[in-house]
Amino acid sequence: MPRGGTPPIRSFLMRMSNVFSRTLREAPSGAESAGYGFLLRAGFIQQLGAGIFSLLPLGLRSVRKIERIIREEMDGIGGQELQMPVVNPADIWKETGRYYSIDKEMGRFQDRVGRDMVLAMTHEECVTDIARFELDSYKRLPQLVYQLQTKWRDDPRPRAGLIRVREFTMKDSYSFDRDLAGLEKQYRAHYSAYFRIFDRCALPTIAVGSDSGMMGGKVAHEYMYLSSIGEDTIITCPACGYTANRQVATFTKTSYPEELLKTEAVHTPACPTIEDLANFLGIPKRKTAKALFMMGTFVDSTTGEERQRLILGVVRGDMEIEENKLQNVAKANALRPAHVDEIRLAGMEPGFGSPIGCDPSVLVIVDDSVAKSNNLVAGANKVDYHLINTNFGRDYTGTVADIASAAAGHACPQCQTALEQSKGIEVGNIFQLGTRYSESMGCFFQDEDGTRKPVIMGSYGIGVGRLLACLAEHYNDESGLKLPITSAPYQVHLVSLVKDQEIADGIYEELQAEGIEVLYDDRKESAGVKFADADLIGIPIRITLGNRSLKEGSVEVKLRSNLQETNALPLASLGSQVKELVTSLHKEISARISHRELA
RNA sequence: CGGGGCGUUGCCUAGUGGCUAAGGCGCUUGCUUUGGGAGCAAGAAAUCGGAGGUUCGAGUCCUCUCGCCCCGACCA
């Protein structure tokens with residue numbers, strides 16, 4: 001916990017005349033978002049390739065501060081830092097099957113003798129390999145290790161600067177427990193620690209229930225920074241606080257049971273969409289069933305063998321299918337829209353498709369809303385024809401599950417209030433892995449009763465660069481960045497406008513003596529240039545040395561967060577007063593740390 | 001992987017098949033200026049992403065290719 005100011009990190013003095021990077025008056029083309037543009041213009045980062053960035057000295061200083069906060073909070077819940085290799089032998093990834101189930105996103109190569117190697121995109125395999133050697137007894141549990149390490153994920157579409165990149169630093173921690181209660185405890189500890197981390201960075205986040213994705217666990221939360229440039233859709237209930245990623249969000253579906261009527265084919269020319277169909281027949285969309293054809297890839301995790309199977313998702317016409325849910329229910333490794341010929345081969349007609357009369361090889365997954373509704377209009381699998389009064393169970397069967405996509409306006413699954421939706425950026429996640437990795441990799445311990453049990457694991461990540469990107473997105477104005485003092489590269493920006501270098505140097509040294517992190521603009525530039533750069537880089541405290549105030553024995557102090565207000569500080573006690581100001585800015589952030597526990 | 005866009009000096013841009021590729025910012029030198037991106041003057045810096053082609057002549061047209069950005073698919 002920070003009490004007052006955080007002690008400075010190394011080389012906390014810097015003259016602007018000596019800063020490695022320079023500022024840009026215009027953002028390089030392609031900088032879409034404000035935060036990204038300023039990070040580039042202020043010289044925090046530079047792009048090397050698609051989704052590949054260098055951190056320049058200023059950016060690295062911010063990252064180091066964020067990392068320091070993360071380390072303190074991870075240590076605070078008993079984490080022990082270690083470091084695992086980025087390059088892994090493929091063997092361990094073959095053991096868990098992820099060598100096969102993960103597609104092109106994983107970087108692969110062979111070493112000089114032809115051994116398969118991978119670039120680790122996460123470290124469950126590696127840490128489990130370590131743990132199966134170390135953790136052989138209940139006496140050695142629980143454990144928690146973490147690292148800050150580079151990951152390579154060959155994302156098909158990097159974008160938005162540091163928000164979505166291919167190479168990035170992640171804080172990943174891994175918990176090991178003898179039982180579920182232990183896992184739960186570590187999970188809860190992370191849940192709260194993550195909020196403290198984001199609070200100390202002053203990044204507003206919310207935790208949402210999430211899909212466990214490729215991690216393959218059960219319970220999972222994501223920490224979201226809400227932003228219009230976010231790529232995830234978050235469903236929230238304004239009344240009871242229910243929050244979830246749309247990928248897993250549920251809602252209360254109204255059903256309309258009716259007496260079953262006889263199925264009939266009707267001619268429905270030019271009605272390939274639900275909209276057209278409902279208009280043509282003069283019925284509400286909820287009286288129809290919508291079909292979505294996806295080709296699923298299923299990978300055998302022991303052999304790596306791939307199989308394709310057509311999946312037909314059916315949802316009521318007034319809803320959309322959530323593909324993530326569909327994929328989970330189907331237990332498919334990947335989904336893609338099916339091609340027209342693949343659909344026809346299975347006896348169905350795109351635009352007029354339904355499970356009625358389809359090939360038995362098709363995996364039919366029906367949303368519960370369809371299963372509970374009656375007499376729906378569905379495709380006849382014949383061009384320009386639909387069937388009215390179709391009923392699940394009587395006319396077709398399939399797996400019933402929730403595969404509908406929650407959206408604003410739907411009823412909250414907990415309290416029935418209308419849900420809201422917003423966009424968010426995932427800055428962290430926590431997963432209860434269970435025994436997915438310990439079992440497949442043979443990470444067992446002997447319990448008190450003598451039995452051999454798989455270690456129960458959890459996995460917890462924070463994207464460090466993404467966190468900085470979110471902060472830059474959140475803290476900026478038209479002139480530049482205004483990062484909070486906990487993540488700004490320096491605490492004080494000393495802008496000297498006086499000719500007498502000696503006076504300025506003296507003040508610079510005095511601040512240094514107080515242990516303050518100072519960026520000192522000693523350049524022979526005009527005042528306008530210096531102010532513009534100070535605005536752009538956005539160091540939280542600005543001290544301006546001008547002839548006028550110096551004559552009166554004082555300097556001007558402003559906060560980047562409020563450039564309108566100027567305070568004069570007497571030279572005599574400058575060091576201690578600035579130190580106090582640094583401390584009070586830290587306190588301001590500390591005061592807003594709220595303890596949040598998993599409900 | 002599909003659709004779209006863009007590659008011209010360190011950055012942002014202009015450039016109608018035709019002379020030595022233009023401007024702003026930045027950079028160098030000198031003088032002036034010094035409380036919000038200063039002024040004057042003189043400079044350096046581009047084989048126009050790459051390869052091939054059409055043409056008397058290509059930054060400009062064609063083909064291929066590489067890179068980057070955006071939308072989608074995808075993804076933590």
Side-chain angles (χ1 to χ4, degrees), chain A residues 21-33 36-37 40-41 43 46-53 102-106 121-124 151-161 163-166 168-172 210-217 220-224 229-232 245 247 294-295 297 323-324 327 333-339 424-431 459-467 479-480 495-500 521 523-536 542 544-550 555-556 558 563 566:
Chain A
S21 58
R22 62 167 156 195
T23 55
L24 297 174
R25 197 179 287 209
E26 286 173 284
S29 60
E32 294 281 311
S33 71
Y36 177 31
L40 287 167
R41 282 186 54 202
Q46 209 178 96
Q47 182 169 17
L48 180 63
I52 307 176
F53 286 84
I102 296 171
D103 197 23
K104 290 179 177 157
E105 207 184 338
M106 181 150 62
M121 16 198 307
T122 173
H123 281 81
E124 281 79 14
K151 314 287 185 209
W152 171 263
R153 295 185 188 178
D154 198 353
D155 196 288
R157 175 125 140 71
R159 73 184 113 193
I163 300 282
R164 192 164 148 188
V165 291
R166 295 195 292 171
F168 59 101
T169 301
M170 184 185 222
K171 185 291 297 178
D172 45 329
S210 79
D211 184 46
S212 48
M214 70 170 181
M215 295 302 176
H221 284 86
E222 289 169 340
Y223 289 74
M224 293 284 182
I229 66 165
E231 298 185 85
D232 287 281
N245 193 310
Q247 292 181 327
M294 302 295 287
M295 187 54 85
T297 306
E323 285 181 24
N324 187 69
Q327 181 174 341
N333 292 83
L335 289 186
R336 63 160 172 81
H339 301 141
I425 300 167
E426 181 191 346
V427 288
N429 55 46
I430 54 178
F431 291 100
S459 155
Y460 318 83
I462 291 178
V464 179
R466 186 180 279 188
L467 180 43
S479 318
V495 179
S496 170
L497 302 178
V498 295
K499 273 201 174 138
D500 191 342
D521 197 342
R523 296 174 301 172
K524 289 177 178 54
E525 288 286 353
S526 71
V529 170
K530 292 184 176 186
F531 286 137
D533 278 346
D535 290 349
L536 180 57
R542 180 179 314 170
T544 308
L545 303 182
N547 290 319
R548 286 199 298 266
S549 54
L550 273 184
V555 299
E556 292 161 38
K558 282 177 193 263
L563 292 175
T566 306

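The structure displayed is predicted, hence computed values, not measured ones.
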Where A/I430 and A/Y223 come nearest, the two heavy atoms and their spacing
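Nearest pair, atom of A/I430 first, then A/Y223: CD1-OH, 3.8 Å.
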Rounded off to whole Å, could you give me the [atom1]-to-[atom2] distance for the [X] and [N] pair?
X: A/Q46; N: B/rG10; atom1: CD; atom2: C1'; value: 10 Å
X: A/W152; N: B/rC75; atom1: CH2; atom2: P; value: 18 Å
X: A/I102; N: B/rC74; atom1: CD1; atom2: P; value: 17 Å
X: A/K530; N: B/rG37; atom1: NZ; atom2: C1'; value: 13 Å
X: A/L563; N: B/rG36; atom1: CG; atom2: C1'; value: 11 Å
X: A/E124; N: B/rA76; atom1: CD; atom2: C1'; value: 11 Å
X: A/K151; N: B/rA76; atom1: NZ; atom2: P; value: 14 Å
X: A/R25; N: B/rC12; atom1: CZ; atom2: C1'; value: 11 Å

Given that both distances must come in under 3.5 Å, which nucleotide forms a Watson-Crick or G-U wobble pair with [N]?
N: B/rC40; value: B/rG30
N: B/rG17; value: none
N: B/rU63; value: B/rA51

Students often get this wrong, so: under 4.0 angstrom with heavy atoms, is [X] touching a base, only sugar-phosphate, or nothing?
X: A/A532; result: base
X: A/F168; result: base
X: A/V427; result: nothing
X: A/D533; result: base

Out of [options], whichever nucleotide has its closest atom nearest the side chain of [X]:
X: A/R548; options: B/rG35, B/rA76, B/rG37; value: B/rG35
X: A/T544; options: B/rA76, B/rG37, B/rG35; value: B/rG35
X: A/S549; options: B/rG35, B/rA76, B/rC12; value: B/rG35

For nucleotides [N] and [M], find the distance between their [atom1] atoms and express it as a whole number of Å.
N: B/rG59; M: B/rC75; atom1: C1'; answer: 39 Å
N: B/rU8; M: B/rG49; atom1: P; answer: 6 Å
N: B/rA58; M: B/rG18; atom1: P; answer: 11 Å
N: B/rG15; M: B/rC61; atom1: P; answer: 12 Å
N: B/rA22; M: B/rA14; atom1: C1'; answer: 7 Å
N: B/rA45; M: B/rA21; atom1: P; answer: 13 Å
N: B/rG37; M: B/rC48; atom1: C1'; answer: 30 Å
N: B/rC40; M: B/rG53; atom1: C1'; answer: 50 Å

Kindly give the atom pairs (protein nitrogen or oxygen, nucleotide nitrogen or oxygen) under 3.5 Å for nucleotides 66-73 of chain B.
unit_1	atom_1	unit_2	atom_2	d
B/rC68	OP1	A/A50	N	2.8
B/rC68	O3'	A/Q47	NE2	3.4
B/rC69	OP1	A/Q47	NE2	2.8
B/rC70	OP1	A/A160	N	3.4
B/rC71	OP2	A/R157	NH2	2.3
B/rC71	OP2	A/R159	NH1	3.4
B/rC71	O5'	A/R157	NH2	3.4
B/rG72	N7	A/R157	NE	3.4

Donor on one side chain, acceptor on other, A/N245 and A/E222, under 3.5 Å:
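Their side chains do contain a donor-acceptor pair, which is all the 3.5 Å distance test asks for.
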Answer yes if the side chains of A/E556 and A/T566 hold a donor-acceptor pair under 3.5 Å, and no otherwise.
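No - no donor-acceptor pair under 3.5 Å links their side chains.
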Under 3.5 Å, is there any donor-acceptor pair linking the side chain of [X] to the base of [N]?
X: A/R41; N: B/rG37; value: yes
X: A/N547; N: B/rG35; value: no
X: A/E556; N: B/rG35; value: yes

All side-chain hydrogen bond (donor to acceptor under 3.5 Å, both in side chains) counterparts of A/E323, not counting sequence neighbours
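A/E323 satisfies side-chain hydrogen bond (donor to acceptor under 3.5 Å, both in side chains) with no other residue.
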5'-most by nearest nucleotide on RNA chain B - A/D232 or A/R542
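By nearest-heavy-atom nucleotide position, the 5'-most residue is A/R542.
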Could you check A/R466 against A/G546 and say which one's nearest nucleotide on RNA chain B is further toward the 5' end?
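That would be A/G546.
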The criterion is side-chain contact (heavy atoms from CB on, under 4.5 Å); which residues satisfy it with A/I52, sequence neighbours excluded?
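Checked A/I52 against side-chain contact (heavy atoms from CB on, under 4.5 Å); matches are A/L48, A/W152, A/R166.
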Could you pull out all residues at least two apart from A/V165 that satisfy side-chain contact (heavy atoms from CB on, under 4.5 Å)?
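For A/V165 the side-chain contact (heavy atoms from CB on, under 4.5 Å) partners, ignoring immediate neighbours, are A/F53, A/L162, A/F168.
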State the CD1-CD1 distance between A/I229 and A/I163, to the nearest 0.5 angstrom.
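Rounded to the nearest 0.5 Å, the CD1-CD1 separation comes to 4.5 Å.
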Applying salt bridge (charged side-chain N to carboxylate O under 4.0 Å, His left out), can you list everything that pairs with A/R523, at least two apart in sequence or on another chain?
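So A/R523 forms a salt bridge (charged side-chain N to carboxylate O under 4.0 Å, His left out) with A/D521, A/D533.
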Holding to ring-ring contact (aromatic ring centres under 6.0 Å, His included), I want the full list of residues that pass it with A/H221, two or more places apart in sequence or in another chain.
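A/H221 satisfies ring-ring contact (aromatic ring centres under 6.0 Å, His included) with A/Y187, A/Y191 only.
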State, yes or no, whether a side-chain contact exists between A/I462 and A/L467 at a heavy-atom distance under 4.5 Å.
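Result yes, sub-4.5 Å side-chain heavy-atom pair found.
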